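Start at 1 with the first residue, then count along the sequence. It should be emphasised that the depicted structure is a prediction, and the values quoted were computed from it without experimental measurement.
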Amino acid sequence: MTADPIYRGVALDAETALALLQWQAELGADEPQQSLFAEITPNINLDSPQQVMEALQRRGIKLESTREWHLHRLAPLHPIIGTLLQYRHLSKSLSSYGEGMLNHINRVTGRIHAEFRQIGTPSGRLASSSPSLQQIPNDVEHRSCFRAPAGRKLVIADYSQIEMRILADFAEDEALLRAFESGADLHRMTSAQMLGLPLNQVSPQQREAAKRLNYGLVYGMGAEGLAGQINSSVREAEQLIERYFQAYAGVARWLHQTAEQAVREGRSRTASGRLWIYHFDTSDRSQLAALRRVGKNTPIQGSASDLFKRAMTLVDRALREHDAQIVNSIHDELVVECAADLAEEIKARVTHAMIAAGRAWLRRVPVEVEAVIADAWVKK
């Protein structure tokens, strides 16, 4: 998979990002009105959380922190915060995925040769660096810059909601299992079960809240975190979580038992039997709470990592005698480059191997893989 030397997709955003960087430079001007950020303060480093917090507080905007989720909650009330978020987004896009990415294109091959580490995170997921191809934004503008060479195609395949399927299998929650077996939209069905509504009466906002819950609870998200993501009060978020666990009582029971087991034994195992040993001071209330969160997440995310590595192994074996090879992996997604005339066959082989990897450990829930053939790293 090659990177377009012109990097057309990011170039459009880069123009805007350069304008934002110019605004930042103007913050040091003697005349504050020259800056589009003048209503904050002229002499400020927008990349300094402390300076940004102090400047906004001087304008009467009280902040607990300058973290993204907190700023997003305040942006509707204070337009200047929305502008600050736009600056952060485009500044990062420019530095990390624009000009910075061009420096990694090999002049001889015209490709980016990133480094991958087998155990790059505590969960066991692979990690990528120099550059990190796993952090490329999942949008057409960025990913369309990565293209198959002439006469070749990309097969892009990823698991559908694999961590939620692992949770359903582990918890043996009948309602969640039925949701997957039905093939219906999981998040819409979750919302319907929580609120006691027919599927066709679930609003987009209700579906989004259910989606945030489905994924957030796997990672130990609490009411405050959910409130920040769906722009609700903490009390409303607490009520949603209560309804969620009423709808999926098996999930609630399994998460509790798994967290307490982690506290009691100081360890957890993934579906493959891989052992995690924890080092927490359980006499410290904050560390105890952290251990419970990690104890819930470890078997799920760790099992997803194990499953995906098995999938990579099976896919590699399935491709050995063909003009095809894995060129990238992103958590639960594989990108395979192959000869154009083999694309359909390679797509079938990749899909079959990935499903086989999932079925090795997931017995009660169907495993689904979504795969497409494309000229660029874009799923259409």
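Atom CG of residue Leu186 and atom CG of residue Leu176 lie 6.0 Å apart, to the nearest 0.5 angstrom. Atoms CZ and CG, from Arg152 and Leu342 in turn, are 8.5 Å apart once rounded to the nearest 0.5 Å. In this structure, OG in Ser129 is found 9.5 Å from CD in Gln134, a value given to the nearest 0.5 Å. The distance from the CZ atom of Phe245 to the CG atom of Leu240 is 12.0 Å, given to the nearest 0.5 Å. In this structure, CG in Leu334 is found 9.0 Å from CG in Asn328, a value given to the nearest 0.5 Å. For the atom pair CD (Glu242) and CD (Glu238), the distance works out to 7.0 Å, reported to the nearest 0.5 Å.
The shortest side-chain heavy-atom distance between Tyr278 and Thr298 falls under the 4.5 Å cut-off. Inter-residue side-chain proximity for Leu154 and Phe146 is flagged as unmet; no heavy-atom pair is nearer than 4.5 Å. Side-chain contact check for Gln301 versus Glu163: some heavy-atom pair is nearer than 4.5 Å. At a threshold of 4.5 Å between non-hydrogen side-chain atoms, the residues Ser182 and Met189 count as touching. No side-chain heavy atom of Leu288 sits under 4.5 Å from any side-chain heavy atom of Asp284. Looking only at side-chain heavy atoms (C-beta outward), Asp173 and Leu177 stay at 4.5 Å or farther from each other. You'll find the side chain of Val327 stays beyond 4.5 Å of the side chain of Val336, heavy atoms only. No side-chain heavy atom of Gln287 sits less than 4.5 Å from a side-chain heavy atom of Thr282.
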### Message
Evaluate Leu362 against Leu307 for side-chain contact (heavy atoms from CB on, under 4.5 Å), listing each step before the verdict.
### Response
CA-CA 10 Å; Leu362 303 184; Leu307 187 155; 4.3 Å; yes

### Task
Using the salt bridge (charged side-chain N to carboxylate O under 4.0 Å, His left out) rule, take Arg320 and Asp316 through it: C-alpha gap first, then chi angles, then the decisive distance, then the call.
CA-CA 6 Å; Arg320 285 182 182 176; Asp316 180 68; 3.3 Å; yes

### Task
Might you work through the salt bridge (charged side-chain N to carboxylate O under 4.0 Å, His left out) test for Asp375 and Lys153, ending with a clear yes or no?
CA-CA 5 Å; Asp375 294 317; Lys153 294 285 186 179; 2.6 Å; yes

### Task
Show the numbers, then the answer: is there a salt bridge (charged side-chain N to carboxylate O under 4.0 Å, His left out) between Lys379 and Asp158?
CA-CA 10 Å; Lys379 289 181 265 187; Asp158 67 328; 3.1 Å; yes

#### Entry: Step-by-step side-chain contact (heavy atoms from CB on, under 4.5 Å) determination, Trp361 to Asp169
CA-CA 9 Å; Trp361 289 315; Asp169 198 83; over 6 Å; no

### Message
Could you go through Ile355 and Arg359, starting from their C-alpha distance and side-chain angles, then the distance that decides it, and tell me whether this counts as side-chain contact (heavy atoms from CB on, under 4.5 Å)?
### Response
CA-CA 6 Å; Ile355 291 176; Arg359 287 177 176 166; 3.5 Å; yes

### Task
Dump the intermediate steps for side-chain contact (heavy atoms from CB on, under 4.5 Å) on Asp139 and His142, then the final yes or no.
CA-CA 6 Å; Asp139 56 47; His142 289 85; 2.7 Å; yes

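A donor-acceptor contact shorter than 3.5 Å links the side chain of Lys309 to the backbone of Gln118. Judged by distance alone, the side chain of Arg363 and the main-chain N or O of Ala360 form a donor-acceptor pair under 3.5 Å. Of the possible polar contacts, none joining the Asn214 side chain to the Thr190 backbone as a donor-acceptor pair under 3.5 Å is found. Using a distance-only test at 3.5 Å, with no hydrogens or angles considered, a donor-acceptor pair links the side chain of Ser128 to the main chain of Leu133. Remark: the backbone N or O of Ser160 is paired with a side-chain donor or acceptor of Arg165 at under 3.5 angstrom. In terms of modelled atom types and a separation under 3.5 Å, the side chain of Arg269 and the main chain of Pro299 share no donor-acceptor contact. At least one donor-acceptor pair under 3.5 Å links the side chain of Ser303 to the backbone N or O of Ala271. Not one N or O on the side chain of Asn106 forms a donor-acceptor pair closer than 3.5 Å with the backbone of Ile112. For Thr270 (side chain) and Arg274 (main-chain N/O), a donor-acceptor pair under 3.5 Å exists by modelled atom type. Between the side chain of Gln206 and the backbone N or O of Ser203, at least one donor-acceptor pair lies under 3.5 Å.
Cluster membership check: Val369 shares its hydrophobic cluster with Ile346, using side-chain heavy-atom separations under 4.5 Å among Ile, Leu, Val, Met, Phe, Trp and Tyr. Leu199 is not connected to Leu197 by any chain of hydrophobic side-chain contacts under 4.5 Å among Ile, Leu, Val, Met, Phe, Trp and Tyr, and they are in different clusters. Residues Leu314 and Val350 fall into different hydrophobic clusters, defined by Ile, Leu, Val, Met, Phe, Trp and Tyr side chains chained together at heavy-atom separations under 4.5 Å. Hydrophobic clustering of Ile, Leu, Val, Met, Phe, Trp and Tyr side chains at less than 4.5 Å, counting indirect connections, unites Ile241 with Leu167.
Taking each heavy atom of Trp276 and Gly302 in turn, the nearest pair found is CZ2-CA, 4.4 Å. Smallest separation of non-hydrogen atoms from Met194 and Leu213: CE-CD1, 3.6 Å. The heavy-atom pair separating Val378 from Ala374 by the smallest distance is O-CB, 3.6 Å. Considering all non-hydrogen atoms of both residues, Gly295 and Ser268 come closest at O-OG, 4.3 Å. Scanning all heavy atoms of the two residues, the minimum distance from Ala247 to Ala175 falls at O-CB, 3.7 Å. Here the shortest heavy-atom pairing between Trp377 and Glu333 reads NE1-OE2, 2.9 Å.
A salt bridge is defined here as a Lys NZ or Arg NE, NH1 or NH2 lying under 4.0 Å from an Asp or Glu carboxylate O, and Arg111 with Glu337 meets this definition. Look at Glu174 and Arg364 and you find a salt bridge, because one of the NZ, NE, NH1 or NH2 atoms lies within 4.0 Å of a carboxylate O, short of that distance.
The 12-atom threshold is not exceeded at NE2 of His352, counting heavy atoms of other residues, nucleotides or ligands nearer than 6.0 Å. Open room surrounds CZ on Arg285; 12 or fewer heavy atoms of other groups in view lie less than 6.0 Å from it. Around CD1 of Ile119, the count of heavy atoms belonging to other residues, nucleotides or ligands within 6.0 Å does not exceed 12. Counting non-hydrogen atoms of other residues, nucleotides and ligands closer than 6.0 Å to CD of Gln135 gives a total of 12 or fewer. A 6.0 Å sphere centred on NE2 of His322 holds more than 12 heavy atoms belonging to other residues, nucleotides or ligands.
Under the salt bridge (Lys or Arg N to Asp or Glu O under 4.0 Å) criterion, the residue pairs touching residues 175-189 are Asp185-Arg207, with sequence neighbours excluded.
With hydrogens and angles left out, the side-chain atoms of Tyr248 and Gln193 include a donor and acceptor closer than 3.5 Å.
Annotation: His187 is in aromatic contact with Tyr215 [ring centroid separation under 6.0 Å].
The aromatic rings of Trp254 and Phe170 are tilted relative to each other, their planes meeting at an angle between 30° and 60°.
Under the side chain to side chain contact (heavy atoms under 4.5 Å, CB included) criterion, Ser283 pairs with Asp281, not counting sequence neighbours. Shown here are the side chain to side chain contact (heavy atoms under 4.5 Å, CB included) partners of Pro204, two or more places apart in sequence or in another chain: there are none.
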